[in-house]
Colleague: 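One structure follows; several queries about it will come next.
So you know, we letter chains A, B, ... as the sequences are listed, proteins then strands, and number each from 1. In this text the structure is predicted, and so the values were computed from the model without any measurement.
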2 protein chains.
Amino acid sequence: MAATLKDVARAAGVSIKTVSNVINDYQHIRADTKQRVVEAISELGYSPNLSARSLRSGKTGVIGLAVPELSLSYFAELADAIIKAAERRGLKVLIEQTSGDRDRELEILSGPRLQMTDGLLFSPLGMSNEDSHHLNVTFPLVLLGERIFGGPTDHVTMSNVESARAATAHLLAKGRRRVAVVGGHRDEVIGSAGLRLRGYQQALEEAGIPFDPALVGYTTLWHRSNGATTMRELLDSGVEFDAVFGLNDTLALGAMRVLQEAGLRIPDDVAVIGFDDLDEGQYSLPTLSTIDPGRAEIADTAVRVLQERISEGDADRPPREIEARFRLVERESSQVAG
Amino acid sequence: MAATLKDVARAAGVSIKTVSNVINDYQHIRADTKQRVVEAISELGYSPNLSARSLRSGKTGVIGLAVPELSLSYFAELADAIIKAAERRGLKVLIEQTSGDRDRELEILSGPRLQMTDGLLFSPLGMSNEDSHHLNVTFPLVLLGERIFGGPTDHVTMSNVESARAATAHLLAKGRRRVAVVGGHRDEVIGSAGLRLRGYQQALEEAGIPFDPALVGYTTLWHRSNGATTMRELLDSGVEFDAVFGLNDTLALGAMRVLQEAGLRIPDDVAVIGFDDLDEGQYSLPTLSTIDPGRAEIADTAVRVLQERISEGDADRPPREIEARFRLVERESSQVAG
DNA sequence: AGGTGAGTGTACAACGTTGTAGGATGGCCG
DNA sequence: CGGCCATCCTACAACGTTGTACACTCACCT
């Protein structure tokens with residue numbers, strides 16, 4: 001159906017290779033030949049067959065992005081940023097959802113499922129640090145997220161510890177002394193929860209405030225409902241606190257709702273800060289203070305590093321670990337008058 | 001680098017076609033031959049080259065999805081549902097973002113940009129009904145959304161008018177008589193805003209309540225901030241109302257925030273309903289009543305119809321217009337005690 | 001006049017796969 | 001025993017593209 005090089009060549013009275021040369025901007029073509037070809041191309045509405053091209057070149061111009069779920073705002077905004085970054089570099093993005101399920105994640109790494117792509121941006125949730133050897137794959141892979149460190153591949157991530165420390169320090173600077181945490185994962189050391197909790201503890205230590213385990217609310221998932229439930233448990237436990245650090249914005253928003261239902265004023269009675277800088281936090285009541293983890297930078301860097309690996313071939317440059325710069329965003333939920 | 005049919009054939013001592021036959025489950029192969037081939041395949045870690053396969057077959061197994069932005073929750077949840085639906089049918093999804101910009105939308109339709117795909121799910125925002133002739137493209141295309149009706153392609157959509165009428169009727173049934181609207185688009189007839197506004201008017205008419213133009217708050221974009229701004233304008237205008245219909249959830253959530261800042265109680269002073277059934281509405285304060293437009297059904301149907309068109313070839317079945325079933329979701333924001 | 005080299009174009013092969021046509025083997029029937 | 005069919009396998013061509021090698025035409029220099 002669609003026109004091919006052959007059709008164009010016939011129409012222009014040249015060889016198919018000449019048409020190919022015109023398309024690929026080869027230098028030495030007479031102006032009139034070129035014009036004849038260009039006219040034939042537009043007349044026939046020719047556009048190159050990318051399957052053939054990629055068979056020939058071994059490249060597809062498509063990268064894969066594996067995330068848990070797009071319905072989680074964080075990953076939707078990440079995917080948005082990555083698609084934009086990829087587009088700037090002439091790449092398309094094919095998205096794969098894992099549900100944060102370890103088996104599905106491993107399957108993506110092992111299987112030939114993810115073909116038609118030149119490389120993969122991989123944001124695991126179910127896998128843990130002990131799974132890092134599974135990242136030894138034969139295709140270019142850039143790791144995202146906070147589940148695995150020191151793995152065999154390039155890794156683009158955020159400054160979890162440092163920025164969590166800054167978030168906590170911010171609350172302490174406002175005069176708060178009993179900072180509750182919403183969203184801890186029990187016994188986790190590596191992972192968003194573990195790292196951010198460490199930053200929290202560092203900030204306490206620096207301020208000379210003892211760590212009180214009773215202030216940490218645990219949960220498994222980081223959905224809004226979990227933030228609400230965890231906060232309700234904290235309130236029920238009777239522990240006293242004057243500030244809350246939600247380990248992500250979604251948790252913080254869920255927690256805020258429960259605080260308000262309980263008649264507590266934010267930030268007057270309880271100051272709140274989240275983590276992620278979701279769009280949503282700009283429009284909540286009150287607006288949510290948060291950490292901007294540098295999502296745009298992460299997306300841009302990840303795509304760039306992946307593209308480098310793709311074109312590099314086998315040059316075994318050692319894996320890089322890159323941290324994006326974070327930024328504290330102060331909004332109403334932590335702005336204490338006086 | 002990667003093993004090919006040739007390598008496997010050599011290792012198993014058969015022709016490449018036999019290997020191909022094994023892979024494609026051809027009937028007549030002796031058991032021992034088959035076993036030798038299977039062993040060679042797993043030994044060499046062979047997996048088929050999809051570029052070559054798709055060059056040969058003319059199919060890629062990938063469909064495109066063009067949406068305005070994934071950072072808009074509605075489209076993130078739509079993309080999530082579509083990826084899941086596609087996976088059930090063995091298809092992968094390549095996502096393209098248009099920013100809701102008409103020029104970008106037209107570019108996607110005309111350009112060969114979107115290659116490597118067998119067809120396109122297209123959710124325009126910038127295009128209008130007069131642009132519908134641009135949908136006459138040479139590849140399988142299924143239209144989504146409410147911008148264009150009666151176009152030349154299959155179209156999967158929601159029952160905008162009917163469900164908006166139900167939403168309004170719900171508020172009226174709660175005894176409200178002055179229902180404000182947030183998010184109208186001036187002079188729009190076709191499009192989410194225009195259609196839902198028509199449903200709103202139909203409900204009023206059925207209830208014998210005159211339409212008061214002063215109750216309609218207009219905006220251009222449907223972001224949270226627009227909901228807030230529009231609601232503030234309504235309040236400033238001094239017009240009286242006892243209920244609000246947000247033409248989508250995001251608008252409704254933005255509006256709720258302003259209502260609460262103004263000291264109004266929801267639902268006691270003002271009942272609120274939205275549209276879309278975003279996850280978010282389940283966790284807002286109060287939780288948001290809304291219309292579930294049948295997103296899962298839309299995703300599933302759209303992928304199915306597209307796949308039919310892809311495999312059908314040129315059978316010029318007339319375009320179908322399919323409406324998903326909606327559902328009214330009653331939550332706190334419209335639950336009036338007494 | 002012959003040689004050189006840059007410019008312009010072509011033929012052929014190859015990327016890895018699968019459809020088509022047909023060859024080889026063996027069993028069964030008349 | 002010849003013929004026929006079913007089973008199993010192979011050689012070849014083709015999908016549309018681009019790299020390689022080479023052929024031809026001029027100008028220009030020696």
Colleague: Would you mind reading off the distance between A:Asn49 atom CG and C:dC15 atom C1', rounded to a whole angstrom?
Modeller: 13 Å

Colleague: Quick one: are A:Glu105 and A:Leu125 in side-chain contact, heavy atoms under 4.5 Å?
Modeller: yes

Colleague: If you pin B:Gly13 and B:Ser57 to their nearest nucleotides in DNA chain D, which one's is more 5'?
Modeller: B:Gly13

Colleague: What heavy-atom pair brings A:Arg320 and A:Glu308 nearest, and what distance separates the two atoms?
Modeller: NH2-OE1, 2.8 Å

Colleague: For the pair made of CG in A:Leu55 and P in C:dG16, what is the distance, rounded to whole Å?
Modeller: 7 Å

Colleague: Using whole Å, report how far CD1 of A:Ile16 lies from P of C:dA14.
Modeller: 15 Å

Colleague: Looking at the side chain of B:Tyr26, which of D:dG16, D:dC9, D:dC15 is the nearest nucleotide?
Modeller: D:dC9

Colleague: Regarding A:Thr18, tell me which of base, sugar-phosphate or nothing describes its non-hydrogen contacts under 4.0 Å with the strands shown.
Modeller: base

Colleague: Here's a test of your reading of the structure: between B:Ser20 and A:Arg30, which maps to the more 5' nucleotide of DNA chain C?
Modeller: A:Arg30

Colleague: OP1, OP2 of D:dT17 versus side-chain N and O of A:Tyr46: anything below 4.0 Å?
Modeller: yes

Colleague: In whole angstrom, give the distance that lies between atom CE of B:Met116 and atom P of D:dT17.
Modeller: 13 Å

Colleague: Closest to the A:Val14 side chain: C:dT10, D:dT18, C:dT17?
Modeller: C:dT10

Colleague: In terms of side-chain geometry, is the basic nitrogen of B:Arg102 or B:Glu107 positioned less than 4.0 Å from the acidic oxygen of its partner?
Modeller: no

Colleague: Which is true for B:Ile29 with a 4.0 Å heavy-atom rule: it touches a base, it touches only sugar-phosphate, or it touches nothing?
Modeller: sugar-phosphate

Colleague: Hey, mind stepping through A:Val67 and A:Leu72 against side-chain contact (heavy atoms from CB on, under 4.5 Å) and telling me if it holds?
Modeller: CA-CA 10 Å; A:Val67 292; A:Leu72 298 175; over 6 Å; no

Colleague: Which of the following nucleotides, C:dT10, D:dT18, C:dT20, is nearest to the side chain of A:Asn21?
Modeller: C:dT10

Colleague: Closer than 4.0 angstrom, basic N to acidic O: yes or no for A:Glu77 and A:Lys84?
Modeller: no

Colleague: When the distance from CG of A:Leu5 to P of D:dT18 is rounded to whole Å, what number comes out?
Modeller: 6 Å

Colleague: Rounded to the nearest angstrom, tell me the gap between atom CD1 in B:Ile41 and atom C1' in C:dT17.
Modeller: 13 Å

Colleague: Give a yes/no answer on whether the side chain of B:Ser15 brings an N or O atom under 4.0 Å of OP1 or OP2 in D:dT10.
Modeller: yes

Colleague: Return the value, rounded to whole Å, for the distance between atom CZ of B:Arg53 and atom C1' of C:dT17.
Modeller: 8 Å

Colleague: Could you check A:Arg56 against B:Ala31 and say which one's nearest nucleotide on DNA chain D is further toward the 5' end?
Modeller: B:Ala31

Colleague: In whole angstroms, how far is the C1' atom of D:dC12 from the NZ atom of B:Lys17?
Modeller: 11 Å

